[in-house]
Amino acid sequence: MGQKKQRLLEAKRHQSPPDGTRTSYPKEPRLEPPTTLGPQRSIYFSSLKGRPARLGSEFFDQPAVSLARAFLGQGGANPAPSYAEQVLVRRLDDGTELRGRIVETEAYLGPEDEAAHSRGGRQTPRNRGMFMKPGTLYVYLIYGMYFCMNVSSQGDGACVLLRALEPLGGLEAMRQLRHTLRKGVAGRALKDLELCNGPSKLCQALAIDKSFDQRDLATDEAVWLERGPLGPSEPAVVAAARVGIGHAGEWALKPLRFYVQGSPWVSVVDRAAKRNTQARAKASRDEDF
DNA sequence: ATTTGGATTACCT
DNA sequence: GGTAATCCAAATG
């Protein structure tokens, strides 16, 4: 009931931060600028003051939890005072660039993490990417039909799963990719919110498949990471239990999933965290009076 | 050589 | 809230 309303309120709040500049979510499907020709600007430099937009290997060389938060624009190895949420960019063969701000991640810590594919130090042909240098992609097939995309971090067998993006560019191409790659023939058009709000959905939307396994996010021509626009402050990040790992005992409960608080683009909102947030918000409202 | 199950999604009641 | 879909690869014999 109040569920939907709450979500709208959250979206709205996040849409219009008090001081404006940080984030703005499109109110309606936005038509993309022409994507017919090759890049109209360099892949490596954005218009932002000549600052290199592409993140290099050093960014990925931090522990999994730190990297998982850094993807969301929080602390970590970002040179202060840079509080940028990171943008994943995928350049299709025809030159179309698809962009999405990373809003949800999960950290997998390596051998000791019972929920990780690398648990117990298992190293197999499939999960080799987890053990390669930070910034290496680990893409694997799940449930026989979907892909998940991870980025290797510092630490043996540690990596970060990308779980959700806020689509920023190439939305129509994403919609088409999702439409054609989706299993059902069925066909209502997907809402913007449905494009990238899940680990396998974002892989479909960006046309990421097994062929991207073990590629280097720092140097690959078809996929890379850019610093988003700088914000005045770090985004609020929620830490919650990871999704879809019923087994793994105590490890299933650890707060190793991270998402941008209040973002409507997140795949799963943590109920407990949400209640706490509301309680805090209410408390601070009450204090204001 | 066989068996088992999954870091999910979409559609059902 | 429940569950079918779908197949690779890890685990086991």
Side-chain angles (χ1 to χ4, degrees), chain A residues 1 3-4 64-65 67-69 71-72 88 102-131 136-153 155 157-165 167 174-214 238-259 265-271:
Chain A
M1 297 294 117
Q3 187 86 340
K4 189 171 184 181
V65 168
L67 180 60
R69 304 189 92 116
F71 278 139
L72 307 182
L88 185 65
I102 299 175
V103 297
E104 182 183 356
T105 58
E106 279 178 4
Y108 287 85
L109 305 192
E112 76 270 26
D113 185 347
E114 282 301 313
H117 290 170
S118 54
R119 62 186 170 281
R122 287 173 174 79
Q123 188 169 353
T124 65
R126 180 180 66 150
N127 71 7
R128 173 118 201 289
M130 296 180 84
F131 294 85
T136 304
L137 296 183
Y138 167 42
V139 179
Y140 66 91
L141 180 69
I142 180 129
Y143 295 107
M145 55 188 120
Y146 300 116
F147 294 99
C148 286
M149 175 184 192
N150 302 260
V151 183
S152 176
S153 71
C159 69
V160 175
L161 171 71
L162 303 185
R163 284 197 57 93
L165 307 177
M174 290 183 188
R175 210 183 314 278
Q176 186 145 359
L177 280 161
R178 287 269 289 128
H179 183 79
T180 54
L181 292 174
R182 226 167 20 148
K183 62 170 182 182
V185 194
R188 77 179 206 286
L190 292 167
K191 298 169 189 162
D192 290 358
L193 280 171
E194 299 172 302
L195 292 176
C196 300
N197 63 336
S200 298
K201 294 178 186 176
L202 76 85
C203 284
Q204 281 185 346
L206 299 191
I208 299 287
D209 61 19
K210 189 79 174 167
S211 72
F212 283 77
D213 188 38
Q214 298 181 20
V238 176
R242 292 173 292 184
V243 175
I245 47 171
H247 54 90
E250 57 174 312
W251 281 92
L253 303 175
K254 293 183 186 287
L256 292 173
R257 184 167 67 96
F258 305 95
Y259 61 85
W265 307 100
V266 165
S267 71
V268 179
V269 172
D270 189 74
R271 301 192 102 222

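Letters A, B, ... mirror the listed sequences (proteins, then strands); counts begin at 1.
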Test side chain to side chain contact (heavy atoms under 4.5 Å, CB included) on A:Asp192 and A:Arg175 and set out the steps. CA-CA 8 Å; A:Asp192 290 358; A:Arg175 210 183 314 278; 3.0 Å; yes

Measure from the side-chain heavy atoms of [X] and tell me the nearest of [options].
| X | options | answer |
| --- | --- | --- |
| A:Lys201 | B:dA7, C:dC8, B:dT9 | B:dT9 |
| A:Cys159 | B:dA7, C:dA5, B:dA10 | B:dA7 |
| A:Cys148 | B:dA10, B:dA7, C:dA10 | B:dA7 |

Any side-chain N or O of [X] below 4.0 angstrom from OP1/OP2 of [N]?
| X | N | value |
| --- | --- | --- |
| A:Arg163 | B:dT8 | yes |
| A:Arg126 | C:dA10 | yes |
| A:Arg122 | C:dA11 | yes |

Integer angstrom distance from the C1' of B:dG5 to that of C:dT3: 15 Å

Inter-nucleotide P distance (C:dT12, B:dA7), Å rounded: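 So the two P atoms sit 16 Å from each other.
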
Atom-pair distance ([atom1] on [X]; [atom2] on [N]), nearest Å:
| X | N | atom1 | atom2 | value |
| --- | --- | --- | --- | --- |
| A:His179 | B:dT9 | NE2 | P | 18 Å |
| A:Glu194 | B:dC11 | CD | C1' | 12 Å |
| A:Met145 | B:dA10 | CE | C1' | 10 Å |
| A:Asn197 | B:dT8 | CG | C1' | 12 Å |
| A:Phe258 | B:dA7 | CZ | C1' | 15 Å |
| A:Leu193 | B:dT9 | CG | P | 15 Å |
| A:Leu141 | B:dT9 | CG | C1' | 13 Å |
| A:Arg257 | B:dT8 | CZ | C1' | 14 Å |

Tell me whether [X] is salt-bridged to [Y], with the criterion being a basic N under 4.0 Å from an acidic carboxylate O.
| X | Y | answer |
| --- | --- | --- |
| A:Arg128 | A:Asp213 | no |
| A:Glu194 | A:Lys201 | no |
| A:Arg163 | A:Glu106 | yes |

Test side-chain hydrogen bond (donor to acceptor under 3.5 Å, both in side chains) on A:Glu104 and A:Ser267 and set out the steps. CA-CA 8 Å; A:Glu104 182 183 356; A:Ser267 71; 2.9 Å; yes

Check whether the aromatic ring of A:Tyr146 stacks on the base of B:dT8, taking stacking as ring centres less than 5.5 Å apart and planes within 30° of each other. no

Kindly express the pairing pattern of DNA chain B in dot-bracket notation, using | wherever a base pairs with another strand and counting only Watson-Crick or G-U pairs under 3.5 Å. ||||||.|||||.

Tell me if the CD atom of A:Gln176 is crowded by more than 12 foreign heavy atoms within 6.0 Å. no

May I ask you to say what A:Met130 touches in the nucleic acid, namely base, sugar-phosphate or nothing, with a heavy-atom cut-off under 4.0 Å? base

When we call it a touch if two heavy atoms are under 4.0 Å apart, what does A:Ile142 touch: a base, just sugar-phosphate, or nothing? sugar-phosphate

Just by distance, do the side chain of A:Asn127 and the backbone of A:His117 share a donor-acceptor pair under 3.5 Å? yes

Checking the side chain of A:Asn150 only, and the main-chain atoms of A:Cys159 only, is there a donor and an acceptor separated by less than 3.5 Å?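 A pair under 3.5 Å: no.
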
Which is it for A:Cys203 and A:Met149 under the side chain to side chain contact (heavy atoms under 4.5 Å, CB included) test, yes or no, and what are the steps along the way? CA-CA 7 Å; A:Cys203 284; A:Met149 175 184 192; 3.6 Å; yes

Stepwise, does the side chain to side chain contact (heavy atoms under 4.5 Å, CB included) test hold for A:Trp251 with A:Arg119? CA-CA 11 Å; A:Trp251 281 92; A:Arg119 62 186 170 281; over 6 Å; no

Taking only N/O atoms, report every protein-nucleotides 1-3 of chain C pair under 3.5 Å with atom names and distance.
none

Would A:Tyr259 and A:Val238 satisfy side chain to side chain contact (heavy atoms under 4.5 Å, CB included), going step by step from the backbone distance to the final call? CA-CA 5 Å; A:Tyr259 61 85; A:Val238 176; 3.5 Å; yes

Could you tell me whether the side chain of A:Tyr140 has a donor or acceptor atom within less than 3.5 Å of a complementary atom in the base of B:dA7?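 Between B:dA7 and A:Tyr140, which were checked side chain against base, a qualifying N/O pair under 3.5 Å is present.
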
Using heavy atoms to find the nearest nucleotide of DNA chain C for A:Lys210 and A:Tyr143 separately, return the residue whose nucleotide is more 5′.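 Per heavy-atom nearest nucleotide, the more 5' residue is A:Tyr143.
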
